[in-house]
Amino acid sequence: MINIAIFGFGTVGSGVADVISNNQAEIRKTLGDNVHVKYILDIREDIPGVVHDINTIVNDPDIKIVCETMGGKEPAYTYTHLALERGISVCTSNKELVDAHGVELSAIAREHNCSYLFEASVGGGIPLLRTIREAFGHEKVSRIAGILNGTCNYILTNMKAGKDFDSALKEAQANGFAERNPAADVEGHDTARKIAILASLVSGKKFSYEQVSCEGITGVTQQDIADAEAQGMAIKLLGVYEAEGPSVVVAPYLVPKSSPLYAVNDVFNGVMVTGNMVDNVMFYGRGAGKLPTASAVVSDVIECAKNQGHNIHTGFADIQPVGNVSAPSKPEGQKFRVL
Ligand SMILES: NC(=O)c1ccc[n+]([C@@H]2O[C@H](COP(=O)([O-])OP(=O)(O)OC[C@H]3O[C@@H](n4cnc5c(N)ncnc54)[C@H](OP(=O)(O)O)[C@@H]3O)[C@@H](O)[C@H]2O)c1
């Protein structure tokens, strides 16, 4: 039996418990063992068996893996630190923490023969980071262009269908895939964190979210969307990393029909990765939501369970800051960049 704990029993954390209980047979088949949620840590009182003291969890020798699905920097950072120092692997969906402290936390994990994995922090349910880590390790990745924020894509898709910005945002929030603070979505900060993590992973240099040239979708009008459509294009909020420069930009782009990203609608995410040997590879799937995101967290739990007592190398523990990042300007006189 693999005993785990969940830190933060909100949308994603409760999804982790659901995935584990609904797919126990599949997990057992993969792992040859059962995964059991021994502890749930949350501030709420109305969760059966909830604990509030982190020490109850990190002092229990049965616990070898925790899922950090609280979000935010604190206390997620302190709790993650405490767990890793005890040799407990941490699987997280918290992109803010990965961007800000992922390097340090990965180094602590390596020092204590455990792992810090963050598959769910980028692309929700899409198996993106593990695939890049395992199947692209020998590739020189020249470019990544991704629709990485389900809320923005949902809003832009619904604006194209005639809905106004505010009601599309409210629907996204009601469906549980918008961030608590919608500014993080619509101003592009969430996408910036995700493309910074991807750029770091493929380049072996640490890009931070502050280095991303970032513009959100609040300036996009229904007229802009109609004009784009008349030219055979769609407006999508993209995160774009270019190895040359290097540059990392988040902005609304005009995406031509010929691009597979054109057809990525609603809450779906799409990520195009260009390697020097493999050429273009397209990833597509649900970029947010309770069960898809939880599915990615559980995939990390399974990887940690298979590698108990070992550090899973993600490249983040040794990574050095990237230094200067360029910010290519928009074409003269145009409101949008073109993909
Ligand atoms: N939702 C998605 O689709 C999605 C997708 C990808 C990644 N993520 C990321 O996953 C993380 C969690 O997101 P979420 O949507 O699941 O958030 P959420 O629904 O707000 O869940 C967070 C949970 O953590 C609890 N919590 C907050 N502070 C705590 C503390 N000090 N001690 C114990 N528990 C605490 C919250 O309790 P209260 O409710 O009482 O505050 C809540 O139950 C975030 O980093 C987010 O960016 C989410």
Side-chain angles (χ1 to χ4, degrees), residues 5-19 37 39-58 66-83 90-102 105 116-129 146-154 171-194 196-198 209 266-269 271 285-300:
I6 299 173
F7 293 174
F9 203 64
T11 305
V12 182
S14 62
V16 168
D18 288 354
V19 170
V37 180
Y39 298 108
I40 290 164
L41 177 130
D42 202 287
I43 30 189
R44 281 161 41 202
E45 294 290 350
D46 59 340
I47 304 160
V50 68
V51 300
H52 302 300
D53 183 359
I54 177 76
N55 292 305
T56 311
I57 298 171
V58 296
V66 303
C67 302
E68 186 274 292
T69 49
M70 295 165 61
K73 285 193 189 142
E74 280 296 354
Y77 168 77
T78 303
Y79 290 1
T80 300
H81 205 294
L82 266 175
V90 178
C91 308
T92 188
S93 57
N94 185 344
K95 66 219 96 171
E96 194 181 342
L97 193 61
V98 174
D99 172 65
H101 295 292
L105 294 170
Y116 184 57
L117 298 187
F118 37 90
E119 181 63 58
S121 68
V122 182
I126 305 172
L128 183 60
L129 304 189
I147 296 170
L148 292 163
N149 183 274
T151 303
C152 288
N153 207 37
Y154 187 86
E171 259 183 49
Q173 287 172 314
N175 287 324
F177 43 75
E179 288 292 316
R180 273 194 177 186
N181 170 9
D185 291 312
V186 298
E187 303 290 353
H189 305 307
D190 178 76
T191 301
R193 290 198 170 93
K194 290 167 175 171
I197 293 170
L198 284 171
Y209 134 84
D266 292 314
V267 70
F268 285 90
N269 282 193
V271 186
R286 289 191 184 273
K290 176 174 166 151
L291 293 177
T293 310
S295 172
V297 177
V298 174
S299 76
D300 281 348

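Counting starts at 1 for both ligands and their atoms, following the listed order. Hydrogens, waters and symmetry mates are skipped; everything else that's a heavy atom, side chains included, is used.
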Under the rule for ring pair (Phe, Tyr, Trp, His ring centres under 6.0 Å), what residues qualify as partners of Phe268, not counting sequence neighbours? Tyr284
Check the orientation of Tyr77 and His101. Use parallel for under 30°, tilted for 30 to 60°, and perpendicular for over 60°. tilted
Without swapping roles, check the side chain of Asn153 against the backbone of Asp266 for a donor-acceptor pair under 3.5 Å. yes
Thr151 backbone acceptor or donor facing Asp185 side chain under 3.5 Å: no
For residues 91-101, the salt bridge (charged side-chain N to carboxylate O under 4.0 Å, His left out) pairs (sequence neighbours left out) are Lys95-Glu179, Lys95-Asp190, Asp99-Lys206
Would you check ligand 1 and list the protein residues that come within less than 4.0 Å of it by any heavy atom, ordered by chain and number? Gly8, Phe9, Gly10, Thr11, Val12, Leu41, Asp42, Ile43, Arg44, Thr69, Met70, Gly71, Pro75, Ser93, Asn94, Lys95, Ala120, Gly176, Glu179, Arg180, Ala288, Gly289, Thr293
Residues 286-300 vs salt bridge (charged side-chain N to carboxylate O under 4.0 Å, His left out), sequence neighbours excluded, gives Asp18-Lys290, Arg130-Asp300
